[in-house]
2 protein chains.
Amino acid sequence: MIFGPPNDFREKSNSYRAVGELRRLIFAGELSPGSDHLETELAERLGMSRTPVREAALMLEAQGLVEVRPRRGIRILPVSPEDMQEIYDILTELEALAAARAASAPAGERDLSLLERSIEDMDAALKSEDRQAWADADERFHSELVRLGGNRRVEAITAMMADQVRRARAMTLYMRPAPVKSHEDHRGVLEAIRSGDAEAARRIHHSHRTEAGAMLIALLRQHRFHQL
Amino acid sequence: MIFGPPNDFREKSNSYRAVGELRRLIFAGELSPGSDHLETELAERLGMSRTPVREAALMLEAQGLVEVRPRRGIRILPVSPEDMQEIYDILTELEALAAARAASAPAGERDLSLLERSIEDMDAALKSEDRQAWADADERFHSELVRLGGNRRVEAITAMMADQVRRARAMTLYMRPAPVKSHEDHRGVLEAIRSGDAEAARRIHHSHRTEAGAMLIALLRQHRFHQL
DNA sequence: TTACTCTTTAATGCATACATTAAAGTATGC
DNA sequence: GCATACTTTAATGTATGCATTAAAGAGTAA
């Protein structure tokens, strides 16, 4: 599930459909963090038998999203500010690595258009004060950066964490100051990549993520989001 | 499987036994990289029915160790030098993070004895020219460092990659020069942690892993280990 | 031969049955 | 009332059966 290109059968297979469906339910808040759910219950809800649900639960457990506790149900793992700190720490390192690698790649083989596009979109969103649009573009920037880094495992790991980050960010989106500094950072990273300066790309992105993470965690704590 | 403390039921359950058993078979070389295996075949081999084997395969797939290809069998994923480079890049960043975090922790809460012990063991192994003992102690050093870093997700990710690294290192253990430089690096990291110098710990460990990784990859390529 | 279609084979995905056993509930003794 | 032993319940872990369908093989025409 984490690794490898999605084979087409995964779309047809109930097991993988269950993985996607459960992820969706979790992040839509329909399966709330900390709640327990019996295999039978979820199976009925998804309109399939226990087998594929069970398989999906095990895969989601391997991804750290749920915990399978025999006879007590499948628990949707809550994410505390401490968890979010862990996640941000990892994203900071791996994305900074990706930025450095993206800058090291031969200029000819790089297509920075998506990166540029996402920055433009953030720019527009900033001007029209559309925070959701900004957040969407920001997410595109980060995932495209990781893609340019060219490390499939980094892509897999960061993608796995993306959903949880998105949820935390959604909660604090309107509490934080306007992301003007972020915007400068993004431009700085792009420029460093374009000019092939790997260490600058790494450094700028690293401090960008570090600051953004610190702010997010502080907001979560301030607003007493002890679990989400 | 990746995350969370191992509940006791996992030892009893055939599914989790199958995960461990399959891992063992893979790294013992009994299931060679690139080979395909039908669910039925593995089930018979492990003395259980297809169900737990199937579940184990899905969990191992989530960990990136195998690929489940319907009707073609469970494929043991080969690891190329490029894959090993990806893995080392990630380990470099995450272990360097762990070193920094370990150095930042209050001195009173740190127990560096295991770290010291592993360095002493490496020292002894170096003198008696016992490379396997050195490699074992080295692995203990790295895993203990990650533990001290205090990020459970980093622990999970690095643990997941440890087996694959071990295999690659085993192949090159007797080809590389004596690990004298490594030894200095380890001492340097320990001293930086002890004195609470997070940035030094990070920097030294980062360059240590970078160099060790570059050497390993070069050896793999030299000796034409295109997949392992 | 090669390309194409049809048939056969068998591995899988899923549903289901059932034994096991943890947890909840009940009864008993103090 | 409270703790302990016993009974009941029901969720799980695993085996198994079967329909589906990809892949292999056979047959046919060029």
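Reckoned from all heavy atoms, side chains included, excluding hydrogens, waters and symmetry mates. Residue numbering restarts at 1 for every chain, and letters A, B, ... go by the order of the sequence lines.
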Integer-rounded Å distance: [N] [atom2] and [X] [atom1]:
| X | N | atom1 | atom2 | answer |
| --- | --- | --- | --- | --- |
| B:Glu67 | C:dT12 | CD | P | 14 Å |
| A:Arg69 | D:dG13 | CZ | P | 13 Å |
| A:Asp36 | C:dA23 | CG | P | 12 Å |
| A:Arg75 | D:dA11 | CZ | P | 16 Å |
| A:Leu38 | C:dA23 | CG | P | 13 Å |
| B:Arg72 | D:dA24 | CZ | C1' | 11 Å |
| B:Glu44 | D:dT16 | CD | P | 12 Å |
| B:Tyr16 | D:dT14 | OH | C1' | 14 Å |

Check for a donor-acceptor pair, side chain of [X] on one end and backbone N or O of [Y] on the other, with a separation under 3.5 Å.
| X | Y | value |
| --- | --- | --- |
| B:Arg110 | B:Ala103 | yes |
| B:Thr158 | B:Val154 | yes |
| B:Glu86 | A:Arg153 | yes |
| B:Arg209 | B:Glu93 | no |

*Reckon B:Thr51 has a side-chain N or O less than 4.0 Å from the OP1 or OP2 of D:dT14?*
no
*Within the pair A:Asn14 and C:dG13, is there a side-chain N or O less than 4.0 Å away from OP1 or OP2?*
no
Ignoring hydrogens and angles, does a donor from either the side chain of [X] or the base of [N] sit under 3.5 Å from an acceptor on the other?
| X | N | result |
| --- | --- | --- |
| B:Ser13 | D:dT12 | no |
| B:Arg17 | D:dG13 | no |
| A:Arg71 | D:dA11 | yes |

Looking at [options], which one has an atom nearest to any side-chain atom of [X]?
| X | options | value |
| --- | --- | --- |
| A:Ser49 | D:dA15, C:dG13, C:dC14 | C:dC14 |
| B:Glu39 | C:dT12, D:dT12, C:dA15 | C:dT12 |
| A:Met48 | C:dT12, C:dA15, D:dG13 | C:dA15 |
| A:Arg54 | C:dT12, C:dA23, D:dT14 | D:dT14 |

_Residue pair B:Ser80 / B:Asp83, side-chain donor-acceptor N/O under 3.5 Å_ =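 A pair is found: one side chain offers a donor N or O, the other an acceptor, under 3.5 Å apart.
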*Base, sugar-phosphate, or nothing: which does A:Glu55 touch, judged by heavy atoms less than 4.0 Å apart?*
nothing
